Amino acid sequence: MRFAIGATALIAAAVVRADVADDLEDASSSISSAVESATSSAVPKPTFTPTTLKAAFLEQFTDDWESRWKPSHAKKDDKSTEEEWAYIGNWAVEEPSVLNGMVGDKGLVIKDKAAHHAISAKFPKVINNKGKTLVVQYEVKLQNGLECGGAYMKLLQDNKALHAEEFSNASPYIIMFGPDKCGATNKVHFIFRHKNPKTGEYEEKHLKNPPMARIVKTTSLYTLIVKPDNSFEMKIDGESIRNGTLLEDFSPSVNPDKEIDDPKDTKPADWVDEARIPDPEAKKPEDWDEDAPFEIVDTEATKPEDWLEDEPLTVPDPEAEKPEDWDDEEDGDWIPPTVPNPKCEEASGCGKWEPPMKKNPDYKGKWTPEYIDNPAYKGAWAPRKTKNPDYFEDKTPSKFEPMGAIGFEIWTMQNDILFDNIYIGHSVEDAEKLKAETFDLKVAAEKAEEEANAPKEPETPKSPSDLVFKDDPVLYVKEKFNLFIEIAKRDPVEAIKFVPEVAGGLGVLVVTIIAVLASALVGGGAAPSKEQVKDAAKKAKDAAVGAKDKAAEAVATGAEKAQAEVNKRTTRSNAS
């Protein structure tokens with residue numbers, strides 16, 4: 001009876017062996033997926049809460065944003081081309097679709113590629129920064145990168161047209177600030193329009209050395225601070241990038257030169273500005289031969305002894321064969337292609353020998369007199385200076401003209417550019433607080449998610465025994481299971497000894513299979529029928545799949561618990 005049960009068990013094991021092996025492989029894949037899901041679980045993200053901070057203008061694109069922002073459908077005034085452009089690009093307020101770092105946080109999004117976009121919002125009250133610090137700060141998120149386009153803002157001049165006409169590129173602005181990239185051009189604009197107190201005309205002043213924009217898919221924070229003493233500071237992600245003054249670091253300069261070249265002054269006809277001249281007393285030596293050639297034949301050269309004068313430079317290719325479809329009557333006599341004569345490579349050369357050329361020792365070239373200092377030289381001429389009739393001095397260009405609105409007027413090849421958390425006011429401290437409430441929290445979550453989703457460089461350790469669970473749980477599980485399966489196919493006992501952590505993890509699976517087999521086989525004294533064996537095999541297989549799912553679920557409960565279990569079992573294995 002004991003023999004019959006044992007024999008039946010062996011038969012049943014043979015029937016299910018292949019299926020169980022397949023289930024082990026499936027278990028490896030499922031558990032690996034579970035570990036990957038557990039270890040790269042959703043990165044903790046903060047939830048958006050509207051700020052309680054106050055400013056001249058503070059926009060977080062809450063549900064009432066449409067009451068403040070107005071898309072423009074005006075025609076674009078472009079004098080550089082005869083074509084007429086319209087602002088057809090659509091806008092939306094939505095959460096990021098790429099690396100969303102804060103739950104419920106929405107921003108203003110450009111929705112169309114290769115389109116002109118324009119939208120503006122008027123300030124509740126005109127912003128006048130005379131005697132105050134001006135702080136401009138906003139977030140930019142390039143969800144699809146930025147190959148060619150802008151992501152800058154404009155602070156618009158407060159005038160009658162601002163309240164009567166649609167916003168466009170022709171709307172006068174006071175400050176233009178933000179990133180812009182197209183091809184090799186990549187910079188963060190800081191441009192301000194300055195009024196000439198004498199002519200009343202406006203002129204754009206461009207930062208001479210603008211920093212590069214951050215072209216990343218995580219959120220970037222751009223900050224501009226202009227103080228009453230004309231100093232400015234630009235920050236990106238809270239890091240100070242540029243410092244300077246409005247009077248010294250912009251082109252053209254705010255104030256013109258006090259003196260200019262006198263336009264009426266001309267260089268005298270007898271003015272000599274040649275510092276050196278050919279020596280007028282120098283004469284060409286009598287033995288100077290200008291016609292002597294640069295090279296002459298080396299008459300002392302002799303033909304090398306191994307020179308093969310009778311050998312041709314090229315010979316028919318001995319490996320070439322006449323094509324099978326070659327017709328001598330139609331195509332003519334077939335002539336094989338030629339190749340360099342191999343004999344010439346072994347010798348000094350082939351063919352007719354001629355003596356080489358050498359540099360002519362008598363060659364001197366064209367004669368020219370030496371240069372000497374010009375005794376009549378008066379120096380470099382420059383017109384005399386005169387007072388600049390257009391001179392003025394503006395000591396406080398930081399007193400920008402009143403600003404009545406903010407606008408984004410952009411053409412871009414990329415869509416899904418997102419703007420958020422716009423601060424325009426006078427408090428550096430409040431801007432920092434807003435940064436701490438929004439940018440600092442979301443960018444940390446964005447970078448954590450980006451790092452978690454980044455493809456990892458595959459590492460190939462010397463053997464699965466070198467793997468450490470906490471370094472890469474997914475790779476650890478896969479390699480250990482694969483190693484266990486490979487050894488088990490040859491010697492299950494050896495597999496248990498060599499990979500005890502997997503054997504322990506599958507203990508519940510083995511117990512379940514044995515229980516199913518025992519129930520099916522011990523139930524009667526006679527040998528089981530073929531149908532009973534198949535039924536037992538099916539139950540064993542189902543048990544294996546169920547145990548596999550439980551194992552995967554168990555692994556997914558957390559890396560620390562799994563690591564502790566592995567360490568414990570490894571210790572027991574080493575002790576044995």
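Position 1 is the first residue of the sequence, and the numbers go up from there. Being a predicted model, the structure only gives us computed values, none of them experimental.
- Counting only heavy atoms from C-beta outward, the side chains of P210 and V188 never approach each other to under 4.5 Å.
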TODO: May I have the step-by-step check of side-chain hydrogen bond (donor to acceptor under 3.5 Å, both in side chains) for Q60 and N421, ending in yes or no?
DONE: CA-CA 5 Å; Q60 293 189 296; N421 293 312; 3.0 Å; yes
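- Here the side chains of D420 and F48 are not in contact, with every heavy-atom distance at 4.5 Å or above.
- For residues 209-254, no residue pair satisfies the disulfide (SG to SG under 2.5 Å) rule, not counting sequence neighbours.
- Taking each heavy atom of E147 and Q414 in turn, the nearest pair found is N-OE1, 2.8 Å.
- The shortest distance between side-chain heavy atoms of I424 and M403 does not fall below 4.5 Å.
- Nearest heavy atoms, Y152 versus Y138: CA-OH, 3.4 Å.
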Open item on the list: Quick one, L155 with F400, criterion side chain to side chain contact (heavy atoms under 4.5 Å, CB included). Give me CA distance, side-chain angles, the key distance, then yes/no.
Closed with: CA-CA 11 Å; L155 302 185; F400 299 121; over 6 Å; no
Task: Check against side chain to side chain contact (heavy atoms under 4.5 Å, CB included), V136 and M153 - done: CA-CA 10 Å; V136 181; M153 65 158 63; 3.5 Å; yes
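- In summary, the side chains of N255 and S253 do not present any donor paired with an acceptor at a separation below 3.5 Å, with no hydrogens or angles considered.
- To the nearest 0.5 angstrom, M102 atom CE is 11.0 Å from F439 atom CZ.
- The shortest side-chain heavy-atom distance between W69 and E59 falls under the 4.5 Å cut-off.
- Salt-bridge check for K111 with D416: passed, with a basic side-chain N closer than 4.0 Å to an acidic carboxylate O.
- Between I260 and K385 the shortest side-chain heavy-atom distance does not fall below 4.5 Å.
- Using a 30° and 60° split on the angle between ring planes, F419 and W91 fall in the tilted class, from 30° to 60°.
- Side-chain atoms of D64 do not come within 3.5 Å of backbone N or O of S67 as any donor-acceptor pair.
- Counted by atom type alone, S240 and E233 present one or more donor-acceptor pairs between their side chains at under 3.5 Å.
- In the model, N144 has a side-chain atom that pairs as donor or acceptor with a side-chain atom of N415 under 3.5 Å.
- Atom NZ of K45 and atom CG of L99 lie 8.0 Å apart (nearest 0.5 Å).
- The CG atom of N90 sits 4.5 Å away from atom CG of D112, with the distance rounded to the nearest 0.5 Å.
- With sequence neighbours left out, the side chain to side chain contact (heavy atoms under 4.5 Å, CB included) criterion links E437 to T51, L53, L434.
- Taking CG from L156 and CD1 from I175, the interatomic distance works out to 11.0 Å, rounded to the nearest 0.5 Å.
- For the atom pair CH2 (W411) and CG (D180), the distance works out to 10.5 Å, reported to the nearest 0.5 Å.
- Side-chain atoms of K141 come within 3.5 Å of backbone atoms of V98 as a donor-acceptor pair (strictly under, hydrogens ignored).
- Proximity of a side-chain donor or acceptor of S72 to a complementary backbone N or O of F167 within less than 3.5 Å is detected.
- Between F57 and K122, the shortest heavy-atom contact is CE1-O, 4.3 Å.
- Applying the ring pair (Phe, Tyr, Trp, His ring centres under 6.0 Å) definition to pairs two or more places apart or across chains, those involving residues 212-254 are F190-F232, F190-F250, F192-F250, F232-F250.
- In this model, no donor atom of one side chain and acceptor atom of the other lie less than 3.5 Å apart for Y173 and E409.
- Residues forming a salt bridge (Lys or Arg N to Asp or Glu O under 4.0 Å) with E432 (at least two apart in sequence, or on another chain): K235.
- Residues passing the side chain to side chain contact (heavy atoms under 4.5 Å, CB included) test with A161, sequence neighbours excluded: N159, E165.
- Between I406 and F123 there is a side-chain heavy-atom pair separated by less than 4.5 Å.
- Within the structure, every pair that satisfies the salt bridge (Lys or Arg N to Asp or Glu O under 4.0 Å) test and touches residues 198-225, not counting sequence neighbours, is listed here: E203-K205, R214-D237, R214-E239.
- With a 4.5 Å cut-off on side-chain heavy atoms, F61 and I422 count as touching.
- Taking CD of E166 as the start and NE2 of H73 as the end, the distance is 6.5 Å to the nearest 0.5 Å.
- Annotation: side chain of T438 is not in contact with side chain of D105 (no heavy-atom distance under 4.5 Å).
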